[in-house]
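Inspection log for the structure reproduced underneath, given as structure tokens.
Chain naming here is simple, since letters A, B, ... match the order of the sequence lines and numbering starts at 1 in each.
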Protein chains: 2
Amino acid sequence: MKDVAHHAGVSTATVSRVLNGHATPTPETRARVLAAIEELGYRPNALARSLRTTSTKTFGLLISDLVNPFFAEIARAVEEEARAHGYCVVLANADESAEQQATYVRALLDRRVDGLLVCPATDDPSWLDEVIASDVPLVLLDRTVQGATCPVVRADGAQALADLAQCLIRAGHRRIGVIAGPADTSTGRERLEQFSAALGGLAVDVVHGDFRRASGARAAAELMDLPERPSVLVAMDNLMGLGALEELRRLGLVVPADVGLAVYDDQPWFPLLDPPITVIAQPTVEMGHAAARSLLALIAGEQPSDVQLNARLIERGSCGEVDRG
Amino acid sequence: MKDVAHHAGVSTATVSRVLNGHATPTPETRARVLAAIEELGYRPNALARSLRTTSTKTFGLLISDLVNPFFAEIARAVEEEARAHGYCVVLANADESAEQQATYVRALLDRRVDGLLVCPATDDPSWLDEVIASDVPLVLLDRTVQGATCPVVRADGAQALADLAQCLIRAGHRRIGVIAGPADTSTGRERLEQFSAALGGLAVDVVHGDFRRASGARAAAELMDLPERPSVLVAMDNLMGLGALEELRRLGLVVPADVGLAVYDDQPWFPLLDPPITVIAQPTVEMGHAAARSLLALIAGEQPSDVQLNARLIERGSCGEVDRG
DNA sequence: CGACGACGAGTAATCGATTACCGGCGCAGT
DNA sequence: ACTGCGCCGGTAATCGATTACTCGTCGTCG
């Protein structure tokens, strides 16, 4: 920058003013400076600028599991919306681990991100204090944490789960196996509760997984090994649904003849299976956009309210009809 | 930091020395400083540190399309390896657009990333100059660019494509439709060339897509609309494969009875389709890891060589047998 | 007992920007 | 012609670290 100033015969202050579009510099001074910048191929050092202005134009996005296409899609949407507003996104992947998450929160705060988007891996709220202490705007995505006082963006699956319950009951299912998410995540608990509630008195067999593929397979195996087999499985996450499908295939069980299957969270390939899988679709992209917008609002000093976007049931035929003998 | 120094009754220099594990400070001084840090909840400002040390412990990762699970997986692997070495990853998504890519390269350089991993959206090498001028270590991932003098990490599909060609010929296919990638990407060109070469003299019908879903559908429609229909389609990317599958479904065509299908780049759901899809699997995770490691080596001043990891054919039965009447 | 070496810790320059404050110049009013 | 007001642009402090250089002190050796 000193070089540019010298080259243009002005001071660094003037260069800075030109760079930041201040009204002060004369058109010709401005031109000289711009020419010097061009000639020297000068690029301002964003670090120095950020140090001075305390703004990095960067968001931190902490995802609980990037292998999960649901989160990958969210990451994409967040990045898209952020970019549209001139922000970069630093991506961090907690791999569903609480410690990793805490480590990353710290790393992102240290890098002075202007805002933080977090899909909490667990309910453990310890990391929250650090964020609050640092005064960095925070938005929670997909999952909540107890005691969080920040905006939350998530999908509301209550209605969709109720619809699914209806649909299963109507199809004659009476033994339902649920592959639930971890009990220490809000989505893990809520989906199970809402689904159970919608079934009225009907009991379900529940096995908890961890929102990952292998756990879906294990859970499916366990459920199909019960003395009284479920006639349909409900996987509360696309990866566990994938694992369940693989396990059913391995066991030689045919969907929906031997056992039905429904999955929470749609993926493009579900309709291509035979039979196409009945799912609850989440508005992934909208969630990512909404979260980024909430964060921008927070940064602008507004008080964005929570966002709840509706998930919805898409019946495709993988739940079958039970023979009422 | 001044507060900490004052609180511990030392100078900022000493605080800094404690923080950076220098040998100098006495154990008791060290203890006093650490106590003060703890008490005040002090966290060092990474920006200031980076400004001084010219190291951000951050990689920039420029992906050509984050919707593509292939790249999402790569991103995950890169992030994983980077984290293992104490680096963060700033993620940028070019959406297969050259301008976007150039913009992002600049943004990442301005943020003084310690290294850059790029999956080039196109062959356009204009952005390369800026990177070279900035002296930031660069590694190319998945795709090359002409005139690039940096390490490249990619999958070598020649053998797998030759195997696929053999497999199709043996199955009796004589009219092969290829849904190729864009001609202005190295992967787009190479896969097509290598496949054609392996077919010997046999001509193929080629439609170029853009590595995205919709283009796969369009290409499939176009190919199936030819006067002499191909008996098998080869999609050179998983998203185009997905699009093709959707289009074939829409047209009421059954795989492999009406038309066979093979896809470049495996995805976990391909084996679940009926029939399971024959694919060429790429070592995605290894590519991500290798790329991050190459970058680390570059930063360490070494001269890592290019990495070529073998893709391999996985026959699953979606290519069928042609009736030899 | 004096001097020198070693080591711990402080002073201050520096990284590359932003910006409050101030000086100088030109123009207008009386 | 002199004063005053504006406006352009320079000087220098500042953001929060790192680190070369220096100083003071203590221990040891001759």
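- With sequence neighbours left out, the ring-ring contact (aromatic ring centres under 6.0 Å, His included) criterion links A:F71 to no other residue.
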**Q.** Criterion side chain to side chain contact (heavy atoms under 4.5 Å, CB included) on A:V153 and A:L140, from CA distance to verdict
**A.** CA-CA 6 Å; A:V153 174; A:L140 254 33; over 6 Å; no
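- Of the possible polar contacts, one joining the A:N93 side chain to the A:L66 backbone as a donor-acceptor pair under 3.5 Å is found.
- In this structure, the helix from C:dC1-D:dG30 to C:dT30-D:dA1 shows an angle of 60° between the axis at its start and the axis at its end, each fitted on 5 base pairs and rounded to 10°.
- Counting any heavy atom pair closer than 4.0 Å across all strands shown, B:T29 reaches sugar-phosphate atoms only and no base atom.
- Here the CG-CG distance, from B:D123 to B:D184, works out to 6.0 Å after rounding to the nearest 0.5 Å.
- In this structure, the side chain of B:R17 does not engage the main chain of B:P25 through any donor-acceptor pair within 3.5 Å.
- Between B:E79 atom CD and B:C88 atom SG the span is 8.0 Å, to the nearest 0.5 Å.
- Checking B:D124 against B:T122 by side-chain atom types alone, no donor-acceptor pair falls below 3.5 Å.
- For the residue pair A:N68 / A:D265, no side-chain donor-acceptor distance below 3.5 Å is found, with atom types taken as modelled.
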5' to 3', nucleotides 10-23 of chain C under a 4.0 Å protein heavy-atom cut-off (B base, S sugar-phosphate only, - none) gives BB-BBBBBBBB---
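- Residue contacts for B:T26: at a heavy-atom cut-off of 4.0 Å it reaches the sugar-phosphate backbone alone, with no base atom in range.
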